[in-house]
Amino acid sequence: MGYAHDYASAILYRGRVPMEPVDFVPDWADRPRKAKYYPGAETLPLPEPESGGPRPAPGFTLPLLSGMLQESYGLTGRRLGVQANTDLAALPHYTQANWSRGTASGGGLYPVGVYWAAGAGGPLTPGLYHYAPHQHGLRRLLAGDVTGDVRRALGPGPGEGASQYLVLSVKYWQNSFKYNSFSFHAVSMDVGALVQTWRLWARAYGLRIAPVLWFDEERLAGLLGVAPEEEGVFAVLPLEWEGDAAGPAAGAPPTGAGVRHRDAERSRTVLAFETLERIHGATLGRAGDRPAPGALDAAAAYPPRGGEPVPLPAPPAPPMGETAALRARRSSFGRFDAGRAVTAEQLAAALAQCAATRPGSEAERSDGPPLTSLYVFVNHVEGIEPGSYAYDPAEHALRLVVPGPPGPFLQANYFLSNYNLEQAGAVLVPTVRTSAVLDAVGDRGYRLMGAAVGAVAQTFYTTAAAHGLGAGVALGFDNVSYAERLGLADTDEAPLLIMLLGHERPRPADFRHEIA
Ligand SMILES: Cc1cc2nc3c(=O)[nH]c(=O)nc-3n(C[C@H](O)[C@H](O)[C@H](O)COP(=O)(O)O)c2cc1C
């Protein structure tokens with residue numbers, strides 16, 4: 001049994017047995033940047049994204065990729081609305097401004113670095129580029145076709161024929177300066193949330209994004225020129241590029257090259273955390289460990305528990321498209337108001353969309369079983385009795401697990417003070433059979449679980465926004481209490497996130513400040 005089992009268990013119990021370093025206090029004055037900074041590299045502006053809304057596209061083009069990056073990790077506006085987070089007083093100061101992005105991120109830290117290995121036949125001089133979210137530009141880090149190096153790291157199988165790849169890495173310090181040992185858990189979900197934004201966005205254009213999670217990670221760290229123990233390479237995304245379908249890519253050979261530019265760290269002191277180093281090492285990718293098709297079947301979500309099915313209404317068509325919902329999405333942070341109940345149709349839409357969400361990696365079969373189950377704590381939903389339910393996706397129904405209003409339980413088991421969970425209409429909870437996933441595909445499966453839950457979180461946000469509801473997801477809760485409440489304590493099913501859905505107070509104090 002690998003170390004990831006121990007890490008998963010420590011994360012689950014951290015509300016009762018604090019993880020080291022206990023009493024850690026971040027040094028906010030010496031915090032890292034929210035994106036990498038390569039002072040020596042030239043930044044090329046990305047073109048204006050395509051206008052006129054989504055339309056079917058035969059493959060990615062530069063304007064399409066520009067749009068996808070802008071709507072996911074690019075800065076789209078400034079967050080100035082009054083909410084209940086502790087950083088509120090800082091927001092009007094430009095140096096501490098919060099910028100909105102299409103993708104949610106734990107702690108608003110956005111630790112995922114996006115690299116583009118551009119091969120021959122594309123719009124750019126072949127090379128390796130880093131996406132600079134604050135400039136919405138590309139920094140050229142290396143000139144020359146290195147797609148052969150990416151293919152070699154992937155090994156035979158998925159992504160072999162592509163000419164353009166996105167590579168996603170996480171420089172842990174960007175998150176661990178705040179979350180220390182917990183960091184790995186959060187960033188693996190950040191990766192899932194970003195990939196899911198892309199999957200939703202690309203789907204609107206008839207394009208498919210399928211992340212590859214198993215590859216020779218250390219080779220790619222060498223290509224990116226990053227310290228392999230400080231940074232994890234989490235996913236490679238082969239892009240369907242316009243024109244590629246005409247014939248196989250020329251297939252440049254591996255070069256063995258690596259980026260020589262180094263990103264300039266802002267923090268004067270960078271701390272290492274033993275637990276983080278261990279879980280990073282345990283989950284390090286190797287192409288040879290790629291799970292066999294069907295390996296994950298053994299970790300399939302259990303059939304839903306609970307009482308007789310209570311049917312839900314059919315989910316209505318969302319009044320807003322997915323790309324518009326990415327713009328409208330934001331966290332409610334304390335603004336929920338139980339004065340207006342959520343409708344059963346709105347809850348049905350959130351449940352159905354979240355249940356249909358998959359990470360879409362090479363480890364899953366396209367018609368394979370889901371890894372996640374969903375539960376819902378109903379506070380204020382029209383026509384549904386308050387209580388704790390399991391969602392049955394096949395029946396599109398709720399099954400009662402615990403009757404009665406869950407508000408006091410929810411609030412008692414939330415660690416932060418920025419939400420009154422009782423004021424949300426409902427709280428959805430994805431679970432994963434953590435041990436079963438790790439047993440089925442090895443320790444790297446921890447990153448797959450993060451990708452699965454992060455994807456559900458991002459779907460949740462966009463679905464809520466599309467249906468005119470507020471939303472907020474949170475990791476700051478006592479997982480064990482939730483497992484006990486839902487009757488999962490003796491199983492390997494772990495509640496991994498809480499997702500709050502509801503109306504917000506009317507006429508919020510805000511200031512519109514779109515920049516893109
Ligand atoms: C994996 C993950 C974990 C999160 N955990 C929390 C949390 O514990 N508490 C909270 O208030 N928000 C949490 N959030 C929401 C983020 O704080 C939020 O997405 C970020 O600050 C950006 O704000 P926005 O969602 O309004 O764009 C989480 C988001 C993600 C993706």
Side-chain angles (χ1 to χ4, degrees), residues 11 14-15 34 71-88 90-91 96-112 133 170 174-175 178-179 182-197 234 325-336 354 357 359 372 410-411 413-421 423-424 427-430 432 447 449-465 469-479 482 495-501 504 508 510 513-514:
I11 291 289
R14 76 193 186 288
K34 290 190 182 184
E71 299 304 326
S72 55
Y73 244 37
L75 277 44
T76 53
R78 193 164 166 191
R79 292 263 194 254
L80 284 162
V82 174
Q83 31 83 347
N85 276 356
T86 48
D87 65 355
L88 182 66
L91 296 188
Q96 297 170 66
N98 263 359
W99 303 96
S100 54
R101 309 197 196 192
T103 304
S105 166
L109 298 172
Y110 311 98
V112 186
V170 174
Q174 228 177 288
N175 178 287
K178 181 176 180 189
Y179 293 119
F182 185 68
S183 169
F184 190 85
H185 187 63
V187 301
S188 61
M189 293 189 192
D190 276 330
V191 173
L194 177 56
V195 172
Q196 180 63 5
T197 305
F234 277 66
L326 285 171
R327 280 291 175 121
R329 182 211 71 75
R330 64 158 170 66
S331 296
S332 289
F333 294 138
R335 285 172 278 198
F336 287 118
C354 289
T357 298
T372 47
L410 295 169
Q411 199 58 19
N413 289 289
Y414 186 57
F415 298 154
L416 310 180
S417 55
N418 62 348
Y419 280 112
N420 178 350
L421 279 79
Q423 290 291 299
V427 176
L428 283 66
V429 181
V432 178
R447 303 196 191 190
M449 290 191 282
V453 176
V456 170
Q458 186 63 16
T459 297
F460 175 77
Y461 269 115
T462 48
T463 308
L469 290 176
V473 312
L475 287 169
F477 67 101
D478 184 24
N479 308 57
Y482 275 68
L496 291 181
L497 193 71
I498 56 175
M499 311 195 296
L500 291 54
L501 182 74
E504 295 187 357
D510 205 345
H513 195 297
E514 289 95 356

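Counting starts at 1 for both ligands and their atoms, in listed order. We number each residue from 1, following the sequence as shown. Just so it is clear, the values below take in all heavy atoms, side chains as well, and ignore hydrogens, waters and symmetry mates.
- Every atom of ligand 1 is numbered from 1 in the order shown, and the set under 4.0 Å from a heavy atom of Tyr414 is 9 (N), 10 (C), 11 (O).
- Remark: side-chain polar atoms of Arg327 are not paired, donor with acceptor, to backbone N or O of Glu71 under 3.5 angstrom.
- Classification of the Trp99-His513 ring pair by plane angle, with boundaries at 30° and 60°, yields perpendicular.
- Distance from atom 25 (O) of ligand 1 to its nearest protein heavy atom, with residue and atom name: Ser331 OG, 2.6 Å.
- Qualifying side chain to side chain donor-acceptor pair (under 3.5 Å) partners for Tyr414, counting only residues two or more places apart in sequence or in other chains: Asn418.
- Among protein heavy atoms, atom 8 (O) of ligand 1 sits closest to Leu475 N, 2.9 Å.
- Of all the heavy atoms of Asn418, the ones lying under 4.0 Å from any atom of ligand 1 belong exclusively to the side chain.
- Between Leu88 and Gln83 the shortest heavy-atom distance is CD2-O, 3.4 Å.
- Atom 15 (C) of ligand 1 has as its closest protein heavy atom Tyr461 OH, 3.6 Å.
- Considering all non-hydrogen atoms of both residues, Leu500 and Ala424 come closest at CB-CB, 4.2 Å.
- When only non-hydrogen protein atoms are considered, atom 1 (C) of ligand 1 lies nearest to Met189 CB, 3.6 Å.
- Between Ala465 and Ala325, the closest heavy-atom pair is CB-O, 3.8 Å.
- Only the side chain of Tyr110 comes within 4.0 Å of ligand 1, judged by heavy-atom distances.
- Interface atoms of ligand 1 facing Tyr419, defined by a heavy-atom separation under 4.0 Å, are 11 (O).
- Ligand 1 places these atoms under 4.0 Å from at least one heavy atom of Arg330: 26 (O).
- Atom 14 (N) of ligand 1 has its closest protein heavy atom at Val473 O, 3.1 Å.
- Those atoms of ligand 1 with a heavy atom of Leu416 less than 4.0 angstrom away are 9 (N).
- For Ser105, the heavy-atom gap to ligand 1 drops under 4.0 angstrom.
- An N or O contact shorter than 3.5 Å is missing between Phe333 and ligand 1 by distance.
- Of the heavy atoms in Ala474, both backbone and side-chain atoms come closer than 4.0 Å to ligand 1.
- Thr103 and Ser72 form no side-chain donor-acceptor contact under 3.5 Å, judged by distance and modelled atom types alone.
- Taking each heavy atom of Ser331 and Tyr461 in turn, the nearest pair found is OG-OH, 2.6 Å.
- The shortest heavy-atom distance from Phe460 to ligand 1 is not under 4.0 Å.
- Counting only distance, with no hydrogens or angles, the side chain of Asn420 and the backbone of Phe336 share no donor-acceptor pair below 3.5 Å.
- Listed by atom number, the atoms of ligand 1 under 4.0 Å from Gly107 heavy atoms are 17 (O).
- Atoms of ligand 1 lying under 4.0 Å from at least one heavy atom of Gly106, given by number and element, are 2 (C), 3 (C), 4 (C), 28 (C), 29 (C), 30 (C), 31 (C).
- Residues Arg101 and Arg79 come closest through the heavy atom pair O-NH2, 4.3 Å.
- At least one N or O atom of Arg79 sits closer than 3.5 Å to an N or O atom of ligand 1.
- Counting heavy atoms closer than 4.0 Å to ligand 1, residue Arg329 contributes side-chain atoms (C-beta onward) but none from N, CA, C or O.
- Near Ala104, meaning under 4.0 Å from one of its heavy atoms, ligand 1 places the atoms 19 (O), 31 (C).
- Closest heavy-atom contact between Asp510 and Leu80: OD1-C, 3.7 Å.
- Thr357 and Thr459 form a side-chain donor-acceptor contact under 3.5 Å, judged by distance and modelled atom types alone.
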